[in-house]
Amino acid sequence: MPPILGLVISYLLGSIPSAYIAGRLFRGIDLRQHGSGNLGATNVYRVMGARIASLVMAFDVAKGAVPVLLLPGLTASPYRAHWALAYGLAAILGHVRSVYFLWRSGGKGVATAAGVFLALAPIATLVAFVIWGAVLWGSGYVSLASLCAAVALPLGVAVTEGARSPVLAASVLVCLFVFWTHRANIGRLRRGEEHRFGRKKPAV
C-alpha cells in the first residue's frame with residue numbers, strides 16, 4: 001500500500017462523526033444543536049448520558065489507535081514507524097475537521113489523540129490519563145483535565161521514549177493542537193464561565 005493511501009484511509013476513519021451518528025441513531029437529534037454543540041463524548045454525556053457517551057469515546061479512541069496499529073504493516077516503505085505517526089495525526093485531523101461535514105469542526109481531538117498515543121507510547125498515555133482523571137475529579141472541568149493531560153503526555157513520552165524519539169515531537173505538536181482546539185474553553189476558564197462536569201450551577 002502506498003503511504004498516501006494510508007493517510008487517506010486514516011483521515012477518512014478519523015472523520016467518522018461517531019457523536020453525530022449516536023445522536024441520530026439513539027435520539028433522532030443533531031447533536032450540534034444540543035448542549036455545547038460539540039461532537040465529542042463530553043457533550044454526548046450531557047445530552048444522552050454515560051452509556052452512549054462511553055460508546056462514542058471508545059469508538060473515537062479506536063479511530064486513533066487502529067490506523068497506527070494496522071496500517072504501517074501494510075505500507076510499502078522502510079520508514080513504517082514514521083508513517084505510523086503520520087497516520088495517527090491524519091486521524092486526529094479528520095476528527096477535528098471532518099470531510100463528512102465539509103471540513104467544519106467536529107470534536108476537539110482528545111479521545112482520538114489518546115488512541116493514537118495509546119498505540120505509540122502506552123505508558124506515557126496511561127500516566128496522562130491518570131492525570132486527566134485526577135484533574136477532572138478535583139476541579140470538575142473536562143477542558144482543564146484535557147489541557148493538563150496534553151501537557152503531561154510529551155513529558156511522559158520524553159521519559160519513556162527518549163528525547164530523540166519522533167513520538168516526542170508528535171506529542172508536542174498534539175499538545176499545541178489540543179490547546180488550539182480548546183481556546184474557547186480557556187477563555188471561559190479564565191472568566192469563570194466554564195461548565196463544570198457533573199455539577200449544577202448554584203441558584204441565584
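Of all non-hydrogen atoms in Ser143 and Leu189, the two that sit nearest each other are OG-CD1, 3.7 Å. Pairing each heavy atom of Ala84 with each of Pro72, the nearest pair is CB-CG, 3.5 Å. The shortest non-hydrogen separation linking Pro154 to Cys175 is CG-CB, 4.4 Å. Closest approach of Pro3 to Thr75, counting heavy atoms only: CG-CG2, 3.7 Å. Here the closest non-hydrogen pair linking Gly156 and Ala124 is C-CB, 3.5 Å. The two atoms that bring Ala62 and Pro67 nearest to each other are O-CD, 4.1 Å, heavy atoms only.
Tracing side-chain contacts under 4.5 Å through hydrophobic residues (I, L, V, M, F, W, Y), one never reaches Val61 starting from Leu55; they form parts of separate clusters. By the rule that hydrophobic residues join a cluster once side-chain heavy atoms approach within less than 4.5 Å of another member, Met57 and Ile16 end up as members of separate clusters. Residues Leu74 and Leu120 fall into different hydrophobic clusters, defined by Ile, Leu, Val, Met, Phe, Trp and Tyr side chains chained together at heavy-atom separations under 4.5 Å. Residues Leu13 and Val8 are members of one and the same hydrophobic cluster, defined by side-chain heavy-atom contacts under 4.5 angstrom among Ile, Leu, Val, Met, Phe, Trp and Tyr. There is a path of hydrophobic side-chain contacts, each under 4.5 Å, that joins Val157 to Leu173.
A side-chain contact (heavy atoms from CB on, under 4.5 Å) with Val66 is found for one member of Leu70, Val68, Leu69 and no other, namely Leu70.
Counting only residues at least two apart or on different chains, the salt bridge (charged side-chain N to carboxylate O under 4.0 Å, His left out) pairs with a member in residues 5-30 are Asp30-Arg32. For residues 52-62, the pairs satisfying side-chain hydrogen bond (donor to acceptor under 3.5 Å, both in side chains) are Ser18-Asp60, Asp60-Lys63, with sequence neighbours left out.
Atom CG of Leu126 is surrounded by more than 12 heavy atoms from other residues, nucleotides or ligands within 6.0 Å. A 6.0 Å sphere centred on CZ of Arg164 holds no more than 12 heavy atoms belonging to other residues, nucleotides or ligands. No more than 12 heavy-atom neighbours from other residues, nucleotides or ligands sit within 6.0 angstrom of OH on Tyr79. Counting non-hydrogen atoms of neighbouring residues, nucleotides and ligands closer than 6.0 angstrom, the NE2 atom of His82 reaches no more than 12 such neighbours. Dense packing is recorded around CZ of Arg183, with more than 12 heavy atoms of other residues, nucleotides or ligands lying under 6.0 Å away.
Contact of the Val99 side chain with the Leu12 side chain is registered, since non-hydrogen atoms from C-beta on lie closer than 4.5 Å. No side-chain heavy atom of Tyr87 sits under 4.5 Å from any side-chain heavy atom of Ile9. Side-chain contact between Leu7 and Tyr11 is absent, with no heavy atoms from C-beta onward closer than 4.5 Å. For the pair Leu71/Met1, a side-chain contact is recorded, criterion being any heavy-atom separation below 4.5 Å from C-beta on. Val151 places a side-chain heavy atom less than 4.5 Å from the side chain of Phe179. Side chains of Thr160 and Val127 form no contact here, defined as non-hydrogen atoms less than 4.5 Å apart. Using a 4.5 Å cut-off on side-chain heavy atoms (C-beta onward), Val56 and Met48 make no contact. Here the side chains of Leu89 and Val174 are in contact, with some heavy-atom distance below 4.5 Å.
The distance from the CG atom of Asn185 to the CZ atom of Arg190 is 13.5 Å, given to the nearest 0.5 Å. Between Thr112 atom OG1 and Phe59 atom CZ the span is 9.5 Å, to the nearest 0.5 Å. Atoms CG and CZ, from Leu93 and Phe177 in turn, are 6.0 Å apart once rounded to the nearest 0.5 Å. In this structure, CD1 in Ile131 is found 8.0 Å from SG in Cys148, a value given to the nearest 0.5 Å.
Residues meeting the side-chain contact (heavy atoms from CB on, under 4.5 Å) test with Val110, sequence neighbours left out: Ser146, Val178, His182.
The main-chain N or O of Ser98 is never found under 3.5 Å from a side-chain atom of Ser15 such that the two would form a donor-acceptor pair. A side-chain donor-acceptor contact under 3.5 Å links Asn43 to the backbone of His34.
Salt bridge present: Arg188 and Glu194 bring a charged side-chain N and a carboxylate O closer than 4.0 Å.
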